[in-house]
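Worksheet for the structure shown next.
All residue numbers in this chain count up from 1 along the given sequence.
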Amino acid sequence: VGYAHLEAYDHYSCEDRFTGAAEAAGEAGVSLRDFRAMATAERDAAAEVEAALRSPDRPSAVVINGRDAAVSWLHHALRLGLRVPGDLSI
């Protein structure tokens with residue numbers, strides 16, 4: 001499972017959301033991969049999103065903070081022929 005967003009907000013709530021997702025994942029016995037370091041604009045993050053989705057250990061699910069980031073992950077997953085949901089849950 002991964003956690004992602006595209007915007008580089010410097011607001012306490014972003015860290016709180018990640019911490020909450022990481023704690024919930026840990027309680028469920030699942031590790032949470034951090035994809036928050038991605039670029040701030042969709043076109044800049046495209047290569048990173050696609051690399052994550054092409055990776056042999058790609059996440060089966062991604063918790064995403066923000067509509068634009070979710071649309072980006074969905075777009076790239078479908079473009080790569082992944083089924084959402086099925087191969088990837090967003």
Side-chain angles (χ1 to χ4, degrees):
V1 175
Y3 184 90
H5 67 88
L6 296 178
E7 303 300 327
Y9 295 120
D10 187 22
H11 191 270
Y12 74 90
S13 67
C14 294
E15 188 61 30
D16 286 351
R17 289 181 188 134
F18 175 76
T19 299
E23 288 174 0
E27 290 171 9
V30 176
S31 63
L32 187 68
R33 293 175 57 194
D34 188 354
F35 294 112
R36 293 180 298 161
M38 294 191 165
T40 58
E42 180 185 355
R43 71 172 202 271
D44 296 332
E48 295 176 63
V49 171
E50 286 203 17
L53 292 173
R54 289 180 190 270
S55 165
D57 64 335
R58 85 174 146 72
S60 61
V62 183
V63 176
I64 300 179
N65 177 11
R67 181 199 63 201
D68 292 342
V71 169
S72 177
W73 278 78
L74 175 62
H75 167 78
H76 293 293
L78 295 175
R79 200 168 86 83
L80 294 171
L82 299 174
R83 294 172 298 128
V84 179
D87 298 318
L88 180 69
S89 296
I90 297 177

Closest approach of Leu88 and Ala77, non-hydrogen atoms and distance?
CD2-CB, 3.8 Å

Closest approach of Asp87 and Gly81, non-hydrogen atoms and distance?
OD2-O, 4.3 Å

Is the shortest heavy-atom distance from the side chain of Trp73 to the side chain of Leu53 under 4.5 Å?
yes

Closest approach of Leu78 to Leu82 (non-hydrogen atoms, all atoms of both residues)
CD2-O, 3.6 Å

Test log, rule side-chain contact (heavy atoms from CB on, under 4.5 Å), inputs Val63 and Phe18
CA-CA 9 Å; Val63 176; Phe18 175 76; over 6 Å; no

Shortest non-hydrogen contact from Ala52 toward Pro59:
O-CD, 3.9 Å

How long is the gap from CD on Glu48 to OG on Ser72, to the nearest 0.5 Å?
10.5 Å

Can you check side-chain contact (heavy atoms from CB on, under 4.5 Å) on Val49 and His75, steps first, answer last?
CA-CA 10 Å; Val49 171; His75 167 78; over 6 Å; no

Here the pair of heavy atoms bringing Leu32 nearest to Ala25 is CB-CB, 4.1 Å

Note, Val84 side chain near Ile90 side chain (heavy atom, < 4.5 Å)
yes

Would you name the heavy atoms of Arg33 and Asp57 that are closest together and state the gap between them?
NH1-O, 2.5 Å

